[in-house]
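If you read the sequence from its start, that first residue is 1, and numbering goes on from there. Note that these values count all heavy atoms, side chains included, but never hydrogens, waters or copies made by symmetry. It should be emphasised that the depicted structure is a prediction, and the values quoted were computed from it without experimental measurement.
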Amino acid sequence: MPSNLTQIPALRVPVIDAKTGLMSREWYRFFVNLFDLTGEGSNTTSLTDLQVGPPPIETPPGGSSTQVQYNNGGSFGGASTFTYTSGTDTLTVGKLVSANFTSSAQGLAPASGGGTINFLRADGNFAAPPTTAPASPTTSVQFNNAGVFGGSANFTYDTGTNTFTVGPAGATTTIETLAPTGATVAGTLLIRGKNASATNGNGGGLQFVSGNGLGTGVGGDFDFFCGLGPSGSGSIIFRTNSFTVIKATENLTPAPQLGFYGATPVIKAAAYTKTYSTASRVIPVATFTNLVTTAATNVSPYGFTTQAQADAIATKTNALAADVLILKQLIVSLVNDSSTTLGVGLNAT
């Protein structure tokens with residue numbers, strides 16, 4: 001190895017000597033020293049070899065095919081909600097959050113407003129994002145009306161009262177479920193209060209309320225109708241804690257049926273005929289008392305020992321008749337209550 005090693009000249013040493021116009025002595029010795037160190041042209045290492053760097057490290061893309069790459073904690077990442085399909089030139093983004101875009105080129109004014117996304121048309125001009133105004137009237141729920149947004153005063157939503165209104169005034173509104181294509185059982189319409197979201201939470205309530213009447217008008221009816229089929233009608237079933245409370249089936253054939261507490265429904269009982277129809281809800285203390293027993297005479301004609309005993313027989317008989325009448329009136333009241341007031345149970349004419 002050469003013994004006359006030199007260090008690289010300082011920055012203040014010019015490469016070209018200003019007096020001679022030739023390379024300065026310091027730089028000349030430095031380059032000669034490099035020539036000696038590299039073998040004076042006798043080694044097999046070429047300039048190309050000295051310029052070869054380490055091989056590049058290839059990093060595979062993250063995610064699945066078509067997923068756009070992004071920095072995921074220092075590595076390439078992909079997401080199924082952020083994809084690009086080259087065949088259709090389509091970019092799919094699950095959620096797009098934007099700041100206000102501005103333009104600094106061509107003096108073009110983008111659409112204004114915070115968070116506005118501005119589209120640059122093919123002609124180089126900004127255009128506001130396409131918008132479609134909802135159909136009138138105000139509060140109407142929007143629906144697809146032959147390819148455009150539609151609205152109707154008969155289908156509205158009031159945010160103040162959180163109320164949906166369906167159907168024109170005076171008309172019957174129908175909400176029905178349809179059988180899927182090829183199915184033999186129609187869909188079930190399920191309306192339920194929301195289940196508890198936490199342990200020991202209460203379930204949501206469910207109320208059906210008919211409309212109140214105004215002035216001299218009466219309130220709306222609350223009707224349950226079960227569909228009729230070739231083998232009979234559907235049942236109206238009320239359940240609580242999975243136990244049947246009331247099960248009512250209405251049809252012309254067989255006769256109307258009613259059951260309580262899970263019992264098998266039965267037809268209505270035969271009518272009671274109220275020849276005596278006076279009713280009373282008062283149950284007084286009985287007026288009848290036992291008749292004092294005394295010995296009758298044992299000679300003809302037979303009679304009573306005393307006049308008081310004979311008089312008591314008529315008095316007691318009248319008291320007994322009064323008590324029986326009270327019971328009859330009470331029974332009539334029970335029949336009436338079960339037939340008309342309660343609307344279930346006994347049948348009376």
Side-chain angles (χ1 to χ4, degrees), residues 1-2 5-15 26-27 29-134 141-144 147-149 157 159 162 194-201 204:
M1 178 175 293
L5 296 178
T6 60
Q7 302 295 326
I8 186 171
L11 290 176
R12 64 178 179 275
V13 179
V15 178
E26 292 83 357
W27 281 102
R29 291 190 59 192
F30 173 73
F31 287 122
V32 170
N33 186 53
L34 291 180
F35 179 76
D36 293 338
L37 290 175
T38 55
E40 300 178 349
S42 61
N43 55 27
T44 59
T45 303
S46 65
L47 181 61
T48 301
D49 294 334
L50 296 176
Q51 293 175 344
V52 174
I57 300 176
E58 295 184 1
T59 302
S64 303
S65 178
T66 73
Q67 293 181 0
V68 178
Q69 302 298 288
Y70 62 93
N71 189 328
N72 186 14
S75 302
F76 282 111
S80 60
T81 56
F82 187 23
T83 62
Y84 175 73
T85 304
S86 59
T88 58
D89 196 22
T90 301
L91 179 67
T92 301
V93 182
K95 182 178 181 181
L96 184 62
V97 180
S98 69
N100 188 31
F101 285 86
T102 59
S103 172
S104 58
Q106 303 179 7
L108 303 176
S112 62
T116 300
I117 299 178
N118 298 280
F119 295 90
L120 187 64
R121 298 198 302 256
D123 60 3
N125 294 318
F126 282 100
T131 59
T132 302
V141 178
Q142 302 298 290
F143 57 91
N144 189 326
V148 297
F149 282 108
Y157 174 70
T159 57
N162 195 27
K194 186 173 179 59
N195 295 329
S197 59
T199 303
N200 299 325

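Counting non-hydrogen atoms of other residues, nucleotides and ligands closer than 6.0 Å to CZ of F149 gives a total of 12 or fewer.
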Side-chain donor-acceptor distances from residues 72-86 under 3.5 Å, at least two apart:
residue : atom : partner : partner atom : Å
Y84     : OH   : D89     : OD1          : 2.5

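With hydrogens and angles ignored, the 3.5 Å screen pairs a side-chain donor or acceptor of Q69 with a backbone N or O of G62. Although no hydrogens or angles enter the test, the distance criterion places no donor-acceptor pair under 3.5 Å between the side chain of W27 and the main chain of I8.
Side-chain atoms of V68 and L91, non-hydrogen and from C-beta on, do get closer than 4.5 Å to each other.
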